[in-house]
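Working notes, beginning with the structure itself.
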Amino acid sequence: MGLEFWLLDITYTVARDSPEVVMYGITRSGERVTVVDGSFRPYFYVLGEVDPSTAQRALSKAAPIEGVEVVERRYFGRPTRALRVVARRPPDVRELREVARSLPGAVDVLEADIRFYMRYMIDTGVLPSTWNVVEVDEGGRAKAPPTPLGDYRIPRDLRVMAFDIEVYNPRGSPDPSQDPIITIAVATNAGHREVFVADGKRDRDAIRRFVEFVRSFDPDVVLGYNSNGFDWPYLAERARKLGVRLDVSRSGTPPEQSVYGHWSIVGRANFDVFNVVDEIPEIKVKTLDRVAEYFGVMRREERTMVPPHKIHEYWDDPSRRDVLIRYAMDDAVSTLLLGEKMLPFAVQLSAVTGLPLDQVFAASVGARVEWLLMRYAHALGELAPNREERPYESYKGAMVLEPRPGIHLDVAVLDFTSMYPNLMIKYNVSPDTYLEPWEDAEDVNVAPEVGHRFRRSPQGFFPQVLTSLIELRRETKERLRHLDPHSTEYLLLDERQRALKLMANAMYGYSGWIGARWYKREVAETVTAYARRTMADVIRFAQSIGLDVIYGDTDSLFVRNIPEKVDSLVRYVEENHGIEIKLEKVYRRVLFTEAKKRYAGLLEDGRIDIVGFEVVRGDWCELAKEVQLRVIEIILGSDSPREAAERVTKYVRGVIDDLKRGRIQLDDLIIWKTLDKDPREYKVLTPHLHAANLLRRAGYRVGKGTMVGYVIVRGGEKVTYRAKPYILVQSLDEVDVDYYVERQIIPAAMRIAAIIGVTEGDLRGQGTRKSILDYL
DNA sequence: GCAATCCACGTACCG
DNA sequence: ACCGGTACGTGGATTGCG
């Protein structure tokens, strides 16, 4: 009987001059185990005509090696003979790689930059965040590498702990060499809540007690909010300075900075919830309190808040210190509840990509795709190309149609399902099937417009991976059909199919990313070329059967909803293009301006979709967005443009009036914009940069990535100089009401209202109502 | 001389 | 450190007109 364990974390040690992979797992009965495998050795490949014995001799002088052997592999699909060099110790690979490069006949060295534990998992098939089975001896040592079981459930009773530190910061940005940690709040999924509090400015003891707590609770998962960017580095530096041992790992070591800017705690999954939030575009302001509100785990009204720059004041004031402590606690609890919501998907993404749970969200999308590809490459005997520096090359992208402006009734929206992945499979578009212009071959696909050629067979690397992902997803969805939608297993498998889809859809972007090992501009360029041709042909067909095309973007078409004609369009695409197009939705009414990528539609069930307009943008004030939303609702909800025009006019005039009389909240006037660069790198002064500069002067920390919330205040100068951080605004009287009327409310409302003939004059109350009626 | 237009920069969005 | 296409605010430079 083998030992079944869920792989939580993996690392390795070098003992007695040879490496041992150490796997931390949880068994079916809930025991925490370590499985040690000393049987695996690091290796890499040398391409070229290299004499094995020469290589053996030269390499042995540099470091101990287990041996060299000539092996058959594939490189970009071509059968290739390679020299496989097996080293003894992982740290020696770096030196051996350099020696190997200069061997006579050596053309290239491959796969010499793969971390040892990743190499181990790839070669053995062991999958993190899933169940694996292993034969072990009495000492817990593996007799052979574990085998994955394909079981994607999460162990019951996973121990989860969230933590959050607050730091004394009288000068804005805290400095770990002098500013103490004043609170360390912890919250666990076992219900424990505790705040370890410093003694005045002495934090040594609080840190010690925190470490003791982690060791005694012994969490499997450690959650934080920006803990990779702040809490762990600060704690580590503080502990070093105070001489406190931060040995919170399961091997008694401190956390260490690791790949992708993530911090690793041996034997546990250190998971930064912020990494997940960072990837959710719907969330504009990513402070913990707002994110907790967004996910419905803690309402902002019922939590304690302390402005970050005032933390030190609350600490120094005995009457307010407990407020700070409650705030710290709320942060830890929010983090715990958020983390618990996110873990199921994170676990599945870890299982799909093969990246350990603690790394999967810290890693970039490109890195996730790449590790997935590395696994497939190994399974297919395909060698992984090296990463290389390349210059950026642009290429043509998707097709976007000029919309027909106005309000359209009864419009069908058709979407190609997984268009790019399906085109890649259909035309066998892949780095390894690509033919250089001088290469001769028969049986090729020639891409439209760009003329790139790809072999039709055998199936290429990307198409094989995509076919597999799609098939795995199909199987997963099939299993879902037999499960109770409210069961835990259903939730997990649903997250798994989402993860599979996400990875399939990321392949195209990966192929055009210059940082990718398998980068091939021609691949990305070909995919978009086929997509354009497919769209163009479908549009042509639609028109040929008298179906009006109203709009389209990349893989979607908006047509008049004439059911028989829509049906025949769907059939046409399936029969002539071999890929699926689906009737996604029908708008009872949909409105377009002259702009692409912007529309608003009323669905048959009464819901409204708004795409691209200011309403869905984070960089317009709430008031303008609310006005625009209302205008859209009025127009889409009305049968009579004339009546709608009257209602819109009346409504907008009312809002402008409220604004002029000061009957609005400052919060509704805030404009949020991200500092995409370090403030010093800007070529021009923009409103949000100016506001950021004011924030910095007031003691706030601002830098690349900061979201700046500002309002435009009165004064004679340009808008830019009048952008003031809203937190520094004392009263509504400072606000430049005219700016909000002229540059926010009226433009946002007019963008839509112009469609039904409303003029700016109407909204300002200058034109008479009669003039609109005349117009109509 | 001055308003209209163009352009670069910057951000956020769509698919 | 996934892609290209697109809209639009801001402010300065350029253009066009008389």
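Every chain is numbered from 1 and lettered A, B, ... according to where its sequence line falls, protein lines coming before strand lines.
- Comparing atom distances between the A:Tyr739 side chain and each of C:dC8, C:dG9, C:dT6 picks out C:dG9 as nearest.
- Annotation: proximity of residues 610-629 of chain A to DNA chain B (heavy atom, distance under 4.0 Å) is found for A:Val611, A:Gly612, A:Val616, A:Arg617, A:Gly618, A:Asp619, numbered in ascending order.
- By the side-chain contact (heavy atoms from CB on, under 4.5 Å) test, A:Lys704 pairs with no residue at all, sequence neighbours left out.
- A close approach under 4.0 Å does occur between a side-chain nitrogen or oxygen of A:Arg751 and OP1 or OP2 of C:dG9.
- To the nearest angstrom, P of C:dG5 lies 19 Å from OH of A:Tyr599.
- Base engagement by A:Gly509 is indicated by at least one non-hydrogen atom pair under 4.0 Å involving a base atom.
- The phosphate of B:dA12 (OP1 or OP2) has a side-chain N or O of A:Thr674 nearer than 4.0 angstrom.
- In this structure, A:Tyr508 places its OH atom 6 Å from P of C:dG4, rounding to the nearest Å.
- Position along DNA chain C of the nearest nucleotide to A:Met507 versus A:Met399 favours A:Met507 as the more 5'-ward residue.
- A:Ala506 comes within 4.0 angstrom of a base, heavy atoms only.
- An OP1 or OP2 oxygen of B:dT11 is reached within less than 4.0 angstrom by a side-chain nitrogen or oxygen of A:Tyr682.
- For C:dG4, neither phosphate oxygen OP1 nor OP2 lies less than 4.0 angstrom from any side-chain nitrogen or oxygen of A:Lys396.
- Sequence neighbours left out, not one pair with a member in residues 417-428 of chain A passes salt bridge (charged side-chain N to carboxylate O under 4.0 Å, His left out).
- Aromatic pair A:Tyr721/A:His690: ring centres closer than 6.0 Å.
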Go through A:Asp272 and A:His262 one step at a time and tell me if the side chain to side chain donor-acceptor pair (under 3.5 Å) criterion holds. CA-CA 8 Å; A:Asp272 189 341; A:His262 128 278; over 6 Å; no

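- Under 4.0 angstrom from either OP1 or OP2 of B:dG10 there lies no side-chain N or O belonging to A:His688.
- Applying the ring-ring contact (aromatic ring centres under 6.0 Å, His included) test to A:Tyr726 and every residue at least two apart in sequence or in another chain returns A:Trp672.
- Both A:Gly515 and A:Tyr392 lie near DNA chain C, and the one whose nearest nucleotide falls closer to the 5' end is A:Gly515.
- Against DNA chain B, the stretch residues 352-368 of chain A makes no heavy-atom approach under 4.0 Å.
- Spacing between atom CG of A:Leu689 and atom P of B:dG10 amounts to 9 Å, rounded to whole angstrom units.
- Look at A:Lys677 and you'll find a side-chain N or O under 4.0 angstrom from OP1 or OP2 of B:dG10.
- At least one test fails for A:Arg390 against the ring of A:Tyr519: distance under 6.0 Å to the centre or angle within 45° of the axis.
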Pairwise N/O distances under 3.5 Å, protein to nucleotides 12-14 of chain C:
from   : atom 1 : to       : atom 2 : distance (Å)
C:dG12 : OP2    : A:Lys718 : NZ     : 3.3

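- Using a cutoff of 4.0 Å between basic side-chain nitrogens and carboxylate oxygens, A:Arg498 and A:Glu495 are scored as salt-bridged.
- Rounded to an integer number of Å, the gap from A:Arg598 CZ to C:dA7 P is 9 Å.
- Note on A:Arg743: a side-chain N or O is less than 4.0 Å away from OP1 or OP2 of C:dT10.
- One can place CD1 of A:Ile752 at 14 Å from C1' of C:dC8, the figure rounded to the nearest angstrom.
- Contact annotation: A:Thr554 side-chain N/O to C:dG5 OP1/OP2 distance is not under 4.0 Å.
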